[in-house]
K.L.:
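So that we are looking at the same thing, I have put the structure below in structure tokens.
A note on names: the letters A, B, ... follow the listed sequences, proteins ahead of strands, and every chain is numbered from 1. Side chains included, hydrogens not; waters and symmetry mates left out as well; all remaining heavy atoms used.
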Number of protein chains: 2
Amino acid sequence: MTNRTGELKHSDTGLLRRPTRLGDEVYGAIYSQLMSLKIPPGGRIAVDNLVRELGVSQTPIREALSRLEAQGLVVKTHLIGYSAAPQMDLSGLEQLYDLRMLVEPFAAAQAAKLMPEEAIASLETIDSDMRQVRDEDARSAYSRFAQSDGAFHDLIALGSGNGLIHDTLARLHTHVHLFRLYFHTRATSDANREHARILVAIKNRNPKAAETAMRDHIERSRKRFMRFFTDIQG
Amino acid sequence: MTNRTGELKHSDTGLLRRPTRLGDEVYGAIYSQLMSLKIPPGGRIAVDNLVRELGVSQTPIREALSRLEAQGLVVKTHLIGYSAAPQMDLSGLEQLYDLRMLVEPFAAAQAAKLMPEEAIASLETIDSDMRQVRDEDARSAYSRFAQSDGAFHDLIALGSGNGLIHDTLARLHTHVHLFRLYFHTRATSDANREHARILVAIKNRNPKAAETAMRDHIERSRKRFMRFFTDIQG
DNA sequence: ATGGATCAAATCCGATCGGATATCTGATTG
DNA sequence: CAATCAGATATCCGATCGGATTTGATCCAT
């Protein structure tokens, strides 16, 4: 309900505080609704509803939806309208992991070389946050887990020094898709162990180890989710 | 100049031809102007101009520009306006090639496994088209070369069967950037040889060879462009 | 008095809005 | 069961609002 204005998208060295774009707020509001599953996968998103709900005109809403579409989080059908991206299926999940497997280990290796010390510190903070997550409430716990996991990987992608790689991985919105699929799951401590290995390798400035650790992490993550998938299907 | 309505973006199995979106036409028009360098890199793009020039309202123009921005071909500065993406610099070019190097060889290998026969036929057509290009006019020749080269790689990415990989590579608009950088160059026949190796490997359904050939091709292409870059600077 | 800097009005242009039009959907009727 | 009608929704438009840029006039320092 409360829309987070803070988007982690722009580097925002912001020496100059420009007036907020209305579209940004709308973007955040819709993004939250997608994350919180208030808008279910495949659910229709009517512009008119948002006009009433958010009290702004169509223009900023269309602008925000346009961006979300570009990110693959909503889909637009001509003369039909917008809807939330459909639930990711098995094939989509495999494609997602295939692509991550190609890019993220490289990113981790580069990050081990190039990442500034303060970014590594942030990484440690995120990592320790994830360990704090105890299951008071399974759902909200997993939500925070997914959020942190996303931030962890995003920071490493950023640390690769390759903006295109960072954008590419950000565009996948891995944590959103996985969360929407498995929000009923509990956070696993396996991921914590794997993250620790990656973190240590980066701290030691050991690219090879970072690459291997990342590859291992993604591979294991894939197996966890795949097992889950086949469990459901029968 | 003539704007093709047909965008190669959507898979377009198009069972139903819906009325054309005005935004699509605008998209094509601007895209052409970027490709033809009528709008130079970094050049301002005023909405009002396009309103007069194309005879449509602001809305479809904003919609088109929004999409172009998502694709990274134009940049938007809040309360300032739109402008064409700036000339790619050396660092950007390296990032571009680093990413391609990670993804495209894999895509080629997958394509060798999965690509349907008729797609391979299209690939051959494009390949032979590229050989036909003789330098009547250096610039238009290179333009056609860049176009075909883009289509060649796009088709292979599509043939990988991984939509995310296809989107990722399409989003880079490699041929646009390279063309805008080197439109004064002449098409090289080296690329033709390298393409031939890739094509043969795919036809033979040999994933390993396709992967190697693609890796080799990108590596050589990178060297060609890098040499050119340092020639200019030095 | 001249050169440079500062401030303010005027103009330009994007951001936002509300409304008009065309299309799709599904419900009703012959 | 087909055709039609009504409701809903997206597309597109023209206009207004507000921030940004430019111009030029004024003021200070040399």
K.L.:
Please state how far atom CZ in A:Arg52 lies from atom C1' in D:dA8, giving the value in whole angstrom units.
P.N.:
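Taking atom C1' of D:dA8 as the reference, CZ of A:Arg52 is at 10 Å.
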K.L.:
Taking NZ from A:Lys76 and P from D:dA10, how many angstroms apart are they, rounded to a whole number?
P.N.:
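It is 10 Å, rounded to the nearest whole Å.
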K.L.:
Do the side chains of A:Glu53 and A:Lys38 get close enough for a salt bridge, i.e. N-O under 4.0 angstrom?
P.N.:
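Looking at A:Lys38 together with A:Glu53, the answer is yes, because their closest N to O distance falls below 4.0 Å.
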K.L.:
What is the ring orientation for B:His175 with B:His173, classed by angle as parallel under 30°, tilted 30 to 60°, or perpendicular over 60°?
P.N.:
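The arrangement is tilted - the two ring planes meet at 30° to 60°.
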K.L.:
Distance check needed: D:dC17 C1' versus B:Leu79 CG, whole Å only.
P.N.:
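In whole Å, D:dC17 C1' lies 12 Å from B:Leu79 CG.
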K.L.:
Counting only side-chain heavy atoms from C-beta out, which of C:dG14, D:dT11, D:dC12 sits nearest to B:Pro60?
P.N.:
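Closest nucleotide among those given: D:dC12.
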K.L.:
D:dT9 phosphate, OP1 or OP2: any side-chain N/O from A:Arg44 under 4.0 angstrom?
P.N.:
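For D:dT9, OP1/OP2 do not have a side-chain N/O of A:Arg44 under 4.0 Å.
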K.L.:
So if I take every side-chain heavy atom of B:Asp48 and compare against D:dT11, D:dA10, C:dG14, which nucleotide ends up nearest?
P.N.:
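Among the listed nucleotides, the one closest to the side chain of B:Asp48 is C:dG14.
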K.L.:
From the set D:dC13, C:dT25, D:dT11, return the single nucleotide nearest to any side-chain atom of B:Val56.
P.N.:
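The nucleotide sitting nearest to the side chain is D:dC13.
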K.L.:
Less than 3.5 Å between a donor and an acceptor, one on the side chain of B:Glu63 and one on the base of D:dA10, is that the case here?
P.N.:
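There is none.
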K.L.:
Which listed nucleotide (D:dA10, C:dA15, D:dT11) is nearest to the side chain of A:Val47?
P.N.:
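Minimum distance to the A:Val47 side chain belongs to D:dA10.
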K.L.:
Where do A:Ala157 and A:Leu169 come nearest, in terms of heavy atoms and distance?
P.N.:
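It is CB-CD1, 3.8 Å.
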K.L.:
Taking atom C1' of C:dG14 as reference, at what distance in whole Å does atom CG of B:Leu50 sit?
P.N.:
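It is 13 Å, rounded to the nearest whole Å.
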K.L.:
Would you call the rings of A:Tyr97 and A:Phe225 parallel, tilted or perpendicular, where under 30° means parallel and over 60° means perpendicular?
P.N.:
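Rings of A:Tyr97 and A:Phe225: tilted, 30 to 60°.
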K.L.:
Tell me the interatomic distance from A:Leu22, atom CG, to C:dT16, atom P, rounded to whole angstroms.
P.N.:
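Taking atom P of C:dT16 as the reference, CG of A:Leu22 is at 5 Å.
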K.L.:
Rounded to whole angstroms, how far apart are OH on A:Tyr82 and P on D:dA10?
P.N.:
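These atoms are roughly 9 Å apart.
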K.L.:
Check whether any side-chain N or O of A:His78 sits under 4.0 Å from OP1 or OP2 of D:dA10, and answer yes or no.
P.N.:
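Checking D:dA10 against A:His78, no side-chain N or O comes under 4.0 Å of OP1 or OP2.
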K.L.:
If I take atom CG in residue A:Leu54 and atom C1' in nucleotide C:dT16, what distance separates them, rounded to the nearest angstrom?
P.N.:
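So the CG-C1' distance, A:Leu54 to C:dT16, works out to 15 Å.
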K.L.:
Does B:Leu90 form a side chain to side chain contact (heavy atoms under 4.5 Å, CB included) with B:Met226? I'd like the steps, not just the answer.
P.N.:
CA-CA 8 Å; B:Leu90 182 59; B:Met226 286 302 173; 3.5 Å; yes
K.L.:
What's the closest nucleotide to the side chain of A:Gln58 if the choices are C:dA15, C:dC17, D:dT11?
P.N.:
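Shortest atom-to-atom distance from the side chain points to D:dT11.
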K.L.:
Base, sugar-phosphate, or nothing for A:Ile61, non-hydrogen atoms under 4.0 angstrom?
P.N.:
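The answer is nothing, as A:Ile61 stays clear of every strand by at least 4.0 Å.
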K.L.:
Using heavy-atom distances to pick each residue's nearest nucleotide on DNA chain C, tell me which of B:Gly81 and A:Ser57 is more 5'.
P.N.:
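Closest to the 5' end, via its nearest nucleotide, is B:Gly81.
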K.L.:
Any side-chain N or O of A:Arg21 less than 4.0 Å from the OP1 or OP2 oxygen of C:dA15?
P.N.:
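No, outside the criterion.
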